[in-house]
Amino acid sequence: MPAARTNVAVVGYGYWGSKHVRVLSSLADVSVTVVDGNEDRLAEAAHHYPAARLAGSLDAVVEDVDAVVVATPPAAHTLVALVALEAGKPTLVEKPLATSVAEAELLVETAESRGVPLMVGHTFEYNAAVRTLRDIVRSGSLGRVLYIDTARLSLGRYQRDVNVIWDLAPHDISIVSYLLDEMPSSTSVWAQCNIGDRHADVAYLRLQFPRSDAHAFVHVSWLNPDKVRRVTVVGERKMVVYDDMSDNERIRIYDIGVDPAEVDDPSSAHAMPVTYRSGDITSPFIPFDEPLRVQDQHFVDCVRSGATPATTGRRGLDIVRVLSATDRARLDGGVVPVDDGPVAITEPAPATVIVEQRSPVLS
Ligand SMILES: NC(=O)c1ccc[n+]([C@@H]2O[C@H](COP(=O)([O-])OP(=O)(O)OC[C@H]3O[C@@H](n4cnc5c(N)ncnc54)[C@H](O)[C@@H]3O)[C@@H](O)[C@H]2O)c1
């Protein structure tokens with residue numbers, strides 16, 4: 001039973017881990033232990049959070065904390081999370097849960113066999129706009145969802161250990177499967193490595209959702225001039241655009257649509273095989289609450305109450321299965337099923353995928 005004050009170790013004080021430390025430090029009755037293998041990062045943490053305890057490795061402090069947040073680069077998630085889970089500490093692992101299905105399964109099995117809560121940081125499932133969008137989709141007001149299009153683009157942070165799909169698409173796969181309440185059954189992928197020779201930095205995924213009879217098209221890029229964070233849901237009756245970059249109209253509902261029509265006079269120059277419906281564009285009010293704060297508060301609440309988190313380790317494993325399928329789809333060049341067994345994460349050989357090498361423009 002945790003003490004009244006909950007001590008959370010955040011492992012990895014980098015770009016995202018520092019945000020966890022900021023958010024957790026602001027929560028009531030939470031104290032933070034910052035763990036990082038890099039002394040410069042610890043010095044930075046000490047400067048901003050003089051009250052925080054510091055450590056160079058999780059092993060040194062794991063017995064003294066109530067819970068652990070893993071915010072290291074993805075390739076280190078499994079080893080760090082195993083230290084936490086084997087010590088019986090509720091653990092929140094950043095997305096993606098792990099870099100292979102086998103490692104994600106190991107984490108889930110370790111957590112479940114020991115009865116330790118395992119949560120994954122699918123932050124967008126704690127985003128009020130995404131929750132509103134899900135309510136709209138589930139209300140049926142859009143009619144049948146025909147397809148969903150997502151774009152997550154910017155001049156992004158090139159990662160060392162994963163490609164752009166494993167880095168960014170966990171968010172979009174989590175959003176579309178949350179909206180449709182279903183995991184995709186198969187995927188096909190087009191991806192390209194433009195800068196350097198290591199990882200794909202631009203990719204398009206096509207995900208099939210059999211029960212909904214819908215598709216999602218996911219575009220992710222580290223190589224785009226402006227920042228785009230957009231989800232478009234096209235329904236038979238209405239359409240919705242969720243633009244996470246918008247200040248005050250993050251969700252716009254378009255009462256528009258297209259119906260097939262009989263062409264009476266095919267010889268007419270203006271005859272069209274469809275008719276258009278157009279109506280209002282409305283935007284519901286969505287109060288802003290930082291999604292990471294909502295997520296970390298939920299994690300702390302689960303640590304204190306013993307409740308099962310909304311985004312469990314199993315949900316993280318489901319997303320890793322889709323990511324793993326994208327690796328196979330790149331090798332295969334066609335449509336591959338998602339649940340076709342574990343495969344370690346590897347970059348396909350250049351000869352087997354469409355890869356155009358260009359001169360590096362970023363150092
Ligand atoms: N949920 C989100 O919206 C979101 C956004 C960005 C990043 N992330 C995730 O957060 C994680 C961290 O990403 P980042 O961009 O902050 O990485 P980063 O490279 O900026 O920081 C990683 C930090 O971890 C430290 N580290 C590495 N291995 C360690 C170990 N074994 N023990 C202790 N410290 C270790 C490094 O010294 C570094 O300070 C990734 O899993 C990433 O996918 C999530």
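Just so you know, these numbers use all the heavy atoms, side chains as well, and skip hydrogens, waters and symmetry mates. Whatever order the structure lists them in is the order used to number ligands and atoms, beginning at 1.
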Query raised in the report: Are H171 and F124 an aromatic pair by the rule of ring centers under 6.0 Å?
Result: yes
Query raised in the report: Would H199 and Y158 count as a close aromatic pair, with their ring centres under 6.0 Å?
Result: no
Query - Greater than 12 external heavy atoms within 6.0 Å of R229's CZ - result: yes
Measure the distance from [atom] to every protein heavy atom, then report the residue, atom name and distance (to 0.1 Å) of the closest one.
| atom | result |
| --- | --- |
| atom 21 (O) of ligand 1 | G14 CA, 3.2 Å |
| atom 34 (N) of ligand 1 | G37 N, 3.2 Å |
| atom 12 (C) of ligand 1 | A71 O, 3.2 Å |
| atom 20 (O) of ligand 1 | Y15 N, 3.0 Å |
| atom 27 (C) of ligand 1 | P73 CD, 3.5 Å |
| atom 1 (N) of ligand 1 | T123 OG1, 2.7 Å |
| atom 29 (C) of ligand 1 | T72 CG2, 3.6 Å |

Query - Gap between atom CD of E105 and atom CD of E112 - 0.5 Å precision - result: 11.0 Å
Report summary line: Contact region, V80 to ligand 1, non-hydrogen atoms below 4.0 Å, reads side chain
Query - Under-4.0 Å heavy-atom contact with ligand 1, by part of H77 that carries it - result: side chain
Query raised in the report: Are any of the heavy atoms in K19 under 4.0 Å away from ligand 1?
Result: no
Query raised in the report: What residue among R131, R134, R315, K95 forms salt bridge (Lys or Arg N to Asp or Glu O under 4.0 Å) with E125?
Result: R315
Is there a nitrogen or oxygen of [X] sitting under 3.5 Å from a nitrogen or oxygen of ligand 1?
| X | answer |
| --- | --- |
| R157 | yes |
| A76 | no |
| Q159 | no |

Query raised in the report: Do R304 and D29 meet the salt-bridge criterion of a basic N to acidic O distance under 4.0 Å?
Result: no
Query raised in the report: Looking at R277 and D259, does any basic side-chain N land under 4.0 Å from a carboxylate oxygen?
Result: yes
Query raised in the report: Considering only heavy atoms, which of V11, V120, D36 lies nearest to atom 37 (O) of ligand 1?
Result: D36
Query raised in the report: For atom 5 (C) of ligand 1, which of W16, F124, Y126 has the closest heavy atom?
Result: W16
Report task. Identify, by atom number and element, the atoms of ligand 1 in contact range of G12, meaning under 4.0 Å from any of its heavy atoms. Result -> 23 (C), 24 (O), 25 (C)
